[in-house]
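Below is one structure, written out as C-alpha cells; the observations come after it.
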Amino acid sequence: MTDFSEELTRPGSEDDQVEISAVSGTGMHFPWLQEHLDAVATRGKKKKEFAQTTGACLSFIKEALLKHQWQRAAEYMCSYLQILEDFDSNKRQSATEIVWKLGSEVLFYHPESSTETFNTFADQMKNIGVLNYLKISLQHALYLIHHGMLEEASRNLSQAETWRYGEKSSSQETLINLVQAYKGLLEYFSWSERKMELSKLDKDDYAYSTEARNIVSHSWKTSVNFNALIKTPGVWDPFVKSYVEMLEFSGDRDGARKVLTSYAYDEKFPANPNAHVYLYNFLKREKAPRAKLLSVLKILYQIVPSHKLMLEFHLLLKKSEKEEHRKLGLAVLFGLLDFAGCTRNITAWKHLASYLRQILMQNHLAWVQEEWKSRRNWWPAFHFSYFWAKSDWKEDKDLAYEKALIAGMLLGKGCRYFRYILKQDHQGVKKKIKLMKKSVKKYSIVKPPSLCLAVGLPILQELQHQARAVPPARIILEIEELASNHNGGQLLFGLDSHLYIFTGDGGQPGGPFGKFGSVQNNGHSRFIISIVEDEAGEDSLGFQAPAHSAQTAPARQRHQREQRCFCCDSSRCAISHQAPVLPRMPSFSSVLCD
Amino acid sequence: MDFPSCLRPSLFLTGPLGVSDVPDLSFMCSWRDALTLPESPLQNCKNTAPPLAKTLLWEPVMPGPLPLLPPCPDPWDPGVTVQDLLFRGGFHYRRQPQVVLDVTEQLSRFLWDHGDIAFAPLGKMMLENFKLEGGRSSSSSLPQCPWAYLSHRLRRFSIVGGPVLGKSVSSLLGRLLHEELATRWEQLLLDEAFTGGALAWLPGRTPQVGQLVYPAGGALDRLRFQEVSLSSGSDPQVLGDPGCIQLKGPVRQVVTSTVQGETLLAVRSDYHCAVWKVGRRRPAPQQVLRVEKGATGISLSPHLPGELAICSRSGAVCLWTPQDGLQQVYKDPETLVFRDPSPWRWADFTAHPRVLTVGDRTGVKMVDTQGPPGCGLLLFRAGAEASCQKGERVLLTQYPGQYSPESLPPTLHLICTQFSLYLVDERLPLVPMLKWNHDLPSPALLARLLPPAEPGCQQPLFLGSLGGQVQLLHITGKEASEPRLARPPQSLPSLTDSLCAFPLLEPKSQQQLQERLEAPTIGLACASPPGASTPAVWLFQLSAAGDIFYQHLALQAASSLHQDSGPPGNPRAAAPPMDQRPSPSWTPQATACCSRWLEALLQVPPAPPVWTAPTFSHRRLLGRLEPREVEGKALQVLRAAMAGGRLLQQRDLGLLPPAELPPAPEPGPQDELSERLEEAWEGRGAKWWKRQQGKTSKPGKRTKRAKRRTQLSSTFSSLTSCVDLPDSASSERTLSEARSQPPVTPHSQGSARQLWAQGVHSERRQTLGDCMAGLPLPKGTPAPGQVPSPPSQASSVRATPSRLPAPGSQPHRKRPRMGF
C-alpha cells in the first residue's frame, strides 16, 4: 500500500470554499441555471410577453436546426425577425448577431436557397447592425469564395475595406486587416493564374517581359494587403504562404525571409509547426547552409518530434561532422518512434536499424544506452510484444524484419519479437533472416552479458537439449557486479524446485568493490535469489525468497521491476535436504493511491 | 505523422477574457467549418470532386430509443428537485439570476415531521436535572395542568436559558442543513460523479456479439456483464443472463480498452478503482486501488496493455503499470490556470505513451511522466486562446485513442465545456482545431468517437449530456488535413421522445413512466459491428434508474449539402433534402416492446417514502359500515372501487352519453374579450382578429416600423412559399380530436411546458400573419390564413403520419428581389 502522507496534513479549508461557491457562484456559468430558477420563481416582475414569445421562438429555431429541418427553421425565422424591434437597445444589438447567425445558417443549408437569396439577406443584415458591418461582410465574402464567386467576393471586400464608423478602435482595425488579407488572397489567386499563363509563354517573346513586369507590379500591390495582418498574433498560414510566394517571385528574398522568421520566432504567436516548416522549405530553396537548416529543424523537433520532416532532419544530422549532431540524430529517430501514429513508419525503422548499426560500429554504445534507458521499460511492450510480432508479420513482412532486427539489437536474442520472426519459415526472407541473426549477434547492446547469463545460459541450453518441453533460453535476471567470492556465480536447484543463484560477497566490510561494495556495507546488497517457475508457464515467473535465509539473516525487500528479491548475507551455500517448501506469495495486493 | 500543411486562419489572443480589445471572432457560424479556402483556383477545380464521392452519413432509423432490457426492478426516485431546494418566492426576471436556498422551509418541515428528533434530545438533557411532575400534589388522581407544578427554579431557568437553548439548537441545525442543501444544490447544477459515463461496450468473440458492462441495482453497486448480439437486420438480442460482480460502492465510471488483443475493464467508484482483465472466461481482477480523497477520473491506456491513469480530488494524478505498480505523476492542489474551488481533476493519455494530460476546470496540461515533476505544456486554457465565454469551464477531456491510418490523427483531444466542444491537436496546443457551440441544456459529460465505417468516411462523434440529449457530429479529416464538421451537427432523439411509443396510461402511472424516462443519462456506449453487410451503429444509453435504451443508426447518402455542391450554377443533387425525407415512425414491434417493458415497470413497487404523515385506512372503516340496501348502482361501484383501491372510471358506471362540445355561451353584452372568445370558440378567431386589425391599425406607422422586418422575412418566406403546408386550423382540429379520445391526458402530449410553448407560438404566428396581412405583400409570401403550422405539433400527436408533402409539389415561384 502506498500512501501520500501530505494528504493527511492538508488544512481542511476546502469545505468553506464549496459552501461559498454554491451560494454566491464560483464564477462558473451554468446555462441551465435560468431554467431551474424559472421553475421555482413565483413572485416579482414577470418577463414581458414579447420576451417570452421571442425566447420560445428562438428555442424552436435552434431545435429545428439541430434536427436539420431547414424548412421549419425558415418558417420560425420569419416570426423571429420581430426581435429586431425590441425596445431594449442592448437586446436589439445582440439580436442582430443572433439573427445573422441563425439566418445565415438556415440559408446556407436550406435546399431551396440560392446565393442570390443569401446575398440579399447579407446586404440587409450589414446595414441593420452597423457595428457588425465588417464581420458580416467578411463572412459573406467567405461564403462567396466558397461558392467560387471570387469576383463578387473581392468586390464585397473592397467595399468593406473602405468602411468607417465612429472612432477607429483596435478591434475594427484588426477586422479591416483581416478583410484586406482576404482581399489579398483573392488577388493572389488571380496573380497565380496569370503566372501560370506566363509560364506557357516563350521566354524570348517580347510579350513575356512586359507580362512579367506586370505580374511583379501586381504582386507588389497585393503584398501590401498582407503586411498589416501578419503582424497580429494568429495562425495565418494561407496568407503567409502566398505572401512569401509573391515576394520570392518579385525577387525580394530578404523580405520573404524576414516575414517567415518573424512568423516563426515571434513570441506572441502560437507555436505553429507550419511556421517552421515554411521557413525550412524557404531556406532549402535558397540553398542555405546546413547549419541554418539544422537550427530551424531543431526547433521543430522540440515542438513536434513526430513531424515527418524529422526523417529529413535525421539524415542531415547523420551527415554532420559534429559528434553532438550525430548523437541527436539517434534521439530524433527514437523520439519519432515514441508516438502512436508513427509505429508503422517503415522508413523510420529502416533508418533506425542502419543508424544503430553504424553507431555501434563506431563504438558509441553509450549513446544508444542513454536513449534506451528511458524506454527500456515500455518499448518492449509498446513495439516488441508478441502481439505485434504476429500482426506485423501478417501485414507487413518488411516492417517485421526491421523491427525484429532492432528488437534483437536492443533487447538481445531472447526477445520474443525477434524469436517469433526468427521462427517464421518463409522462403523469400531466409537470407534476410540469416543476415539479421548475424547483425544481432554482432551489435546487440546487451553485449556485455552479466555473469548470471553467462553462467546460467549453458545450463538452460543443456536442459533444452534434453527435454523439448522447455522453452528456448531467455534472460530472466541480470545482475550487475557479480562477486566471485563466497560461491558467487554458483547455481543450485533446490529440492523446493527453486533455482538458487549465488551472487558472492564483494570483499571486506567497507572495502572498495565496484559500485556497490560488499554486502556488509549496509546500503546496496549482494544476495541469494531463489527463482521458482510457475506451473502456468513462462508468463508468470515468480521470484521468491528462500525461507531459511530470510529467517537467518536480516532481509531487505527490493523492487526491481517485476522481480521480488530477498537479499541476505551469506558466506556459504549448499542445498540442505530439509529445505521447506514455500507457500506462494499473493500476486495481487491492494495499493493505496492518493 | 503528417501535420496539416495549411491551417485555417485564426486570431490568437492570450490571457484571460476581455482584457484586450480585439474582435470576438467566435461570431462565426457553424457553417464556417464547412467553408474551404481554395489552395489556388486551378487546384480547386480538381480537388472538389473526390470528397463528393464519399458523403455517407449516419442517420437515426428509429424515432426514439427503445428499452433493451426489462426495467430495473428497483424503484427509482428522482430525489431532490429544484423546488425542494430553492426559495419558492424568489423573484422572477432578474438580470443576474439569484439563488436563494430555502433553509427555513426545510427546517420548518423537519421540525413538523420529525419533532421527536428535533426536540427530544433537549428534553432528555433537561430531564436529568428537573422533576417536572412536581412533588406534593401527586396524590391527586385527576389529570391537572402540568404548568401548575412548575417550580420557581424551573421558571427562572426557562426565562434565562430558554432563548439560548432554543437558539443554539436551531442555529446549529440550521447551519448543518444549509451546508447540506448547498452541496445538494451544487450537485443538482453539475453532478460530476458520472463524468465519462458508466456504460461500456466490450467487443466479443465474433464481431456481432459483445458485452455491455454497466452498474445495476438501486445503489448502482452491482457490475453487470450482459451479452448482446447485434445484427444489422433486426433489433439487438440479449443473450442469456448477465454476469454479475458485487462491489462495495456505487459504480461511477466504466472504461474499456482493447490493446494488442487484450481487453481490459476499469471501474471507478467513489473511493476505489479497479481493473479487470476480460478473457474468455470470467473477468480476472488485476488490481484494486484505494483513493483516500475520492477518485474523480480513470482512464485506460490505448497504447500499452494494463496501464491506467487515476486522478483524485486532492489534485494527484497517478499512473499504474503492471510492472512498476503505482507511480505519482503529478500533484497540485491548485488549479492550472486560475483559482477555481473545484477539486475535480481528470487525466488521460496522449499520442506519446509516456505523456499524460492532466485537466481540471480551468485547463488541460500535458505532463511527461518521465520528466521532472510539475513541468508540462498547457494544451487548453479556459481563456482568450480558445475564445471562451465568460464563466466557461472544462467539464470533460477525452483522448479518443485507437488510431488507424484512415481515421483522425492520434494527436487529437476532445474537450467539452458547458458551452462548446473543442478538438485540440497536441502538436499545436492552445489553438483549437475545431470548435462547436453545442448549446446543450444540461452538462455534457459523455462523448464517444467511433472509427469510420468505411475508409475515407466521416467519423461519428456522439456527445451526450446528463439530461439525455445526444448530439451527433460527423468529423472528417485525415492526418494531412484539419478536422472539420462534415455537416451540421444533429440532435438524436432522446428518451422522452419515445414517450409516445408507450400506451396511454392513467395520470399517476404516466407520471411514473415519465419520471423514469426523464432520469439522467449516466452512460453512453456505441457499437458498430465491423464487417456487417450493411454498416450500422447501435447507441446505448444508461439512465440513472438503471434502464438501458438503444438506438439504431444507419448509413445513408448525404443529401445536397451546399458545401460540396460546387459552383451554384450546377443543378442540385437529386437526393431529397433532409427535412423532406419520410421521418422514421414507430413499428408495431417497437410499440409492443414498449408495452411489455411498461407492464414490467408498473409492477415495480414505488419507492417507499422516507416518511409519511400518519393516515387512516379507509378499508378498515369500510368493513364496519353495513351496506345499505337502498344504495344506487353508482354507490355500489364506488364502494367496490374503494375496497379495491382502484380509481373510479367512467366505464365502471356504465355507458354515459358521449361527451359533446358544450354549446357556445349565449351572446352577452358586447365587450371585446367575450366577442373574441366567442369567435375563437367557433374557430373564427383569425378572421375576428383581422377585422379588428382593420379597425384599429394605423397603417402608416406600422408599415414604417415593420418594413425592415418584412424585407428580411421575405428572404425566409421565399423559402417557405414553395411548399404547401396544411393550414393551422386543420392541425388544431386533429389535436383536439386526439385530445377528446379517452383517456388521453395532456401529459401524453409531451410535457406541459412544451404545450405552453406551442400555444404561445400558434398565437404569435397568428398575430404575425395578420400583421403581415396589413402590408403590401410581396408576391410569394404565404397568405395570412395559410401561415404554415409547425410540424412539431403534428409529430407530437401519436400515429399521425408525416404531413410534410413531397418536394416540388408546387412550381417554384419567382423569388422577390429585395434590397436593391
Side-chain angles (χ1 to χ4, degrees), chain A residues 2 17 19 21-22 28-30 32-33 36-37 39-41 43-45 47 53 56 66 68-69 71 74-75 77-79 81 101 105 108 111-112 115 120-121 123 142 146 148 170-171 175 189 192 233-237 270 273 304 306 338-341 374 381 387 561 590-594, chain B residues 1 3 6-7 10-12 21 23 29 31 35 40-41 82 86 88-93 97 182 185-186 189 260-261 288-292 304 312 318 323 326 341 351-352 370 391 393 410 427 431 441 491 567-568 577-579 709 712-713 715-717 719-720 757 760 764 768 788 818-819:
Chain A
T2 327
Q17 286 173 0
E19 194 186 313
S21 74
M28 183 168 179
H29 184 88
F30 299 99
W32 44 89
L33 176 66
H36 283 322
L37 290 181
V40 290
R43 256 187 3 197
K45 213 165 118 196
K47 261 191 198 172
T53 49
L66 272 176
H68 294 190
Q69 296 165 334
Q71 179 69 42
E75 282 157 22
M77 204 61 218
C78 280
S79 315
L81 293 175
K101 214 167 172 169
E105 197 172 336
F108 188 79
E112 298 292 328
T115 33
T120 323
F121 177 67
D123 285 338
L142 285 179
H146 176 73
S170 70
S171 95
L175 272 174
F189 290 153
S192 60
V235 178
W236 311 122
D237 288 358
V304 189
S306 63
D338 278 349
F339 284 88
S374 64
F387 175 86
R561 282 195 310 287
S590 178
V591 179
L592 184 77
C593 110
D594 210 334
Chain B
M1 272 181 291
F3 190 75
C6 195
L7 298 168
S10 65
L11 267 179
F12 182 71
D21 176 31
C29 318
W31 50 269
L35 296 179
S40 84
V82 196
L86 294 191
R88 255 173 284 170
F91 285 102
H92 213 290
Y93 192 48
W185 168 243
E186 226 177 36
L189 272 182
Q260 303 185 7
V288 178
L289 302 159
R290 191 150 64 84
V291 188
E292 199 97 303
L304 288 165
S312 89
C318 298
Q323 301 94 34
L326 204 65
H352 191 295
Q370 293 178 326
R393 299 283 189 274
R427 293 170 293 182
V431 184
S491 69
M578 209 81 60
D579 52 337
R709 190 218 305 168
L712 273 176
S713 70
T715 318
F716 294 97
S717 53
L719 300 177
T720 63
V760 164
R764 185 75 249 167
L768 266 172
M818 301 305 300

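Here is how names work: the chains are called A, B, and so on, in the same order as the sequence lines, proteins then strands, and each is numbered from 1.
Taking B:Gln370 as the reference, nothing meets the side chain to side chain donor-acceptor pair (under 3.5 Å) condition, with sequence neighbours excluded. With sequence neighbours excluded, the residues that form a side chain to side chain contact (heavy atoms under 4.5 Å, CB included) with B:Leu7 are A:Val235, A:Asp237, A:Asn272, A:Asn274, B:Phe3, B:Pro4, B:Leu428, B:Met433, B:Glu482.
Between B:Trp185 and A:Leu33 the shortest heavy-atom distance is CZ2-CD1, 3.5 Å. B:Leu11 and A:Trp236 get closest at one heavy-atom pair: CD2-CZ2, 3.6 Å. Closest approach of A:Phe387 to B:Gln260, counting heavy atoms only: CD1-O, 3.1 Å.
If you tally non-hydrogen atom pairs under 4.5 Å between each of A:Pro273, A:Ser374, A:Ala381, A:Pro270 and chain B, the highest count goes to A:Pro270.
From B:Arg393, atom CZ reaches atom CZ of A:Phe30 across 9.0 Å, with rounding to the nearest 0.5 Å.
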